[in-house]
Amino acid sequence: MGCFRVADTDRAVSLKDTAHAAHVPSRLPEGLKTRLHKVASFSPEIPNFPDGSHVCEVEIDPETGITRVLRYVVVDDVGTVINKLTLEGQIHGGVTQGIGQAFTEHLVYDERSGQLLTGSLMDYGLRRPDEVPSFEMDENPVQTKTNPLGVKGAGDAGNVGALAAIMNSVVDALSPLGIAHIDMPATPEKVWRAIRAAATLVRPA
């Protein structure tokens with residue numbers, strides 16, 4: 001561990017002892033505040049953005065409109081990975097949030113009064129653990145030159161990629177029926193109605 005040393009002498013004090021002394025007022029010179037304080041800020045001149053690839057496989061029950069995520073693979077580039085465990089937690093949480101937004105989360109307001117109708121978790125649908133798959137995740141880190149650490153953002157990466165990947169998978173699964181678009185959230189009722197509507201347009205040969 002490092003230490004502070006008086007030049008040309010054998011007098012030295014370790015960094016650990018210095019930090020400990022900083023919390024004992026009686027050991028400090030008069031007027032010197034206790035504890036060690038350091039404040040710094042960094043503002044990059046050029047912003048950077050993470051990138052990645054999300055692939056989702058879904059299965060839709062045509063009788064109920066219920067959609068299950070069978071497999072989810074994500075490869076992200078967030079620059080230098082400082083803490084792999086924390087990064088994976090952020091990506092997992094973001095993708096789970098994306099699954100919720102894609103399938104159940106919806107703010108509903110009364111058309112006349114503007115009153116929020118989904119103001120509690122009794123009405124606002126969140127994902128449950130049994131509705132979320134095990135994610136397959138990998139990193140492809142490319143350091144950015146916009147900051148000394150070479151890091152990019154990771155907090156919203158999972159959510160941003162998940163919305164497009166999931167909804168594209170839902171539309172792809174429904175495309176044989178002629179369905180080319182469906183708005184979020186793709187609730188079972190909405191998917192079921194889209195399937196029923198598409199079926200009525202199919203005329204026998």
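A quick note: this is a predicted structure, and the numbers were derived from the prediction, not measured. Every heavy atom of this structure was used, including side-chain atoms; hydrogens, water molecules and symmetry mates were not.
- Heavy atoms only, all atoms of each residue included: V191 and A186 are closest at CG2-O, 3.8 Å.
- I166 and A102 make their closest contact through CG2-CB, 3.6 Å (heavy atoms, listed as atom of the first residue, atom of the second, distance).
- Here CZ of R68 is found 5.0 Å from CD of E59. Values are rounded to the nearest 0.5 Å.
- Surrounding CG of D156 are at most 12 heavy atoms belonging to other residues, nucleotides or ligands under 6.0 Å away.
- Connection of V74 to V132 is established within a shared hydrophobic cluster, with ILVMFWY side chains joined at heavy-atom distances below 4.5 Å, either directly or through further cluster members.
- Side-chain N or O atoms of K152 include one that pairs as donor or acceptor with a backbone N or O of V142 at under 3.5 Å.
- The backbone N or O of C56 lies less than 3.5 Å from a partner atom in the side chain of S169, making a donor-acceptor pair.
- Of the possible donor and acceptor atoms, none in the side chain of Q90 sits under 3.5 Å from a partner among the backbone N and O of L87.
- A heavy-atom distance below 4.5 Å is not found between the side chains of V69 and E57.
- Judged by distance alone, with hydrogens and angles left aside, the side-chain atoms of K190 form a donor-acceptor pair with the main-chain N or O of P185 at under 3.5 Å.
- We find the OG1-CD1 distance between T96 and I91 to be 11.0 Å, quoted to the nearest 0.5 Å.
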For L126 and L121, run side-chain contact (heavy atoms from CB on, under 4.5 Å): C-alpha distance rounded to whole Å, both residues' side-chain angles, the deciding distance at 0.1 Å, then the answer.
CA-CA 8 Å; L126 293 177; L121 295 181; 3.5 Å; yes

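- For T118 (side chain) and Y124 (main-chain N/O), no donor-acceptor pair under 3.5 Å exists by modelled atom type.
- Here the closest heavy-atom approach between residue G98 and residue L163 is recorded as O-CD2, 3.5 Å.
- Checked by atom type and distance alone, the side chain of D172 never pairs as donor or acceptor with a backbone atom of N168 at under 3.5 Å.
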Assess whether side-chain contact (heavy atoms from CB on, under 4.5 Å) is satisfied between I99 and Q101, documenting all intermediate values.
CA-CA 6 Å; I99 293 175; Q101 286 182 259; over 6 Å; no

Would you please test E139 and K84 for salt bridge (charged side-chain N to carboxylate O under 4.0 Å, His left out) and show each step?
CA-CA 9 Å; E139 298 92 32; K84 182 178 175 63; 3.0 Å; yes

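- The number of heavy atoms from other shown groups lying within 6.0 Å of CZ (R71) does not exceed 12.
- Under a 3.5 Å cut-off, the side chain of D77 and the backbone N or O of P50 do not form any donor-acceptor pair.
- Hydrophobic cluster of L149: the remaining members, joined at side-chain heavy-atom separations below 4.5 Å, are I82, V151, listed by chain and number.
- Taking every heavy atom of both residues into account, A157 and D76 meet most closely at CB-OD2, 4.2 Å.
- Taking all atoms of both residues into account, the shortest heavy-atom contact from I195 to P62 is CD1-CA, 3.8 Å.
- Under a cut-off of 6.0 angstrom, the local environment of CD1 in I46 is sparse, with at most 12 non-hydrogen atoms contributed by other residues, nucleotides or ligands.
- The number of heavy-atom neighbours closer than 6.0 Å to CG of D8, taken from other residues, nucleotides and ligands shown, is 12 or below.
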Would you check, one step at a time, whether the test side-chain contact (heavy atoms from CB on, under 4.5 Å) holds for M184 with M167?
CA-CA 8 Å; M184 293 191 302; M167 292 308 297; 3.5 Å; yes

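- In plain terms, the two heavy atoms of A173 and I60 that are nearest each other are CB-CD1, 3.8 Å.
- Residue pairs that meet the ring pair (Phe, Tyr, Trp, His ring centres under 6.0 Å) test with at least one member in residues 69-117, sequence neighbours left out, are H54-Y72, Y72-F135, H92-F135.
- From D61, atom CG reaches atom OG1 of T67 across 9.0 Å, with rounding to the nearest 0.5 Å.
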Is there a side chain to side chain donor-acceptor pair (under 3.5 Å) between D110 and S113 once you walk through the steps?
CA-CA 6 Å; D110 182 83; S113 66; 3.1 Å; yes

Would you check, one step at a time, whether the test side-chain contact (heavy atoms from CB on, under 4.5 Å) holds for F4 with L15?
CA-CA 7 Å; F4 297 97; L15 184 60; 3.6 Å; yes

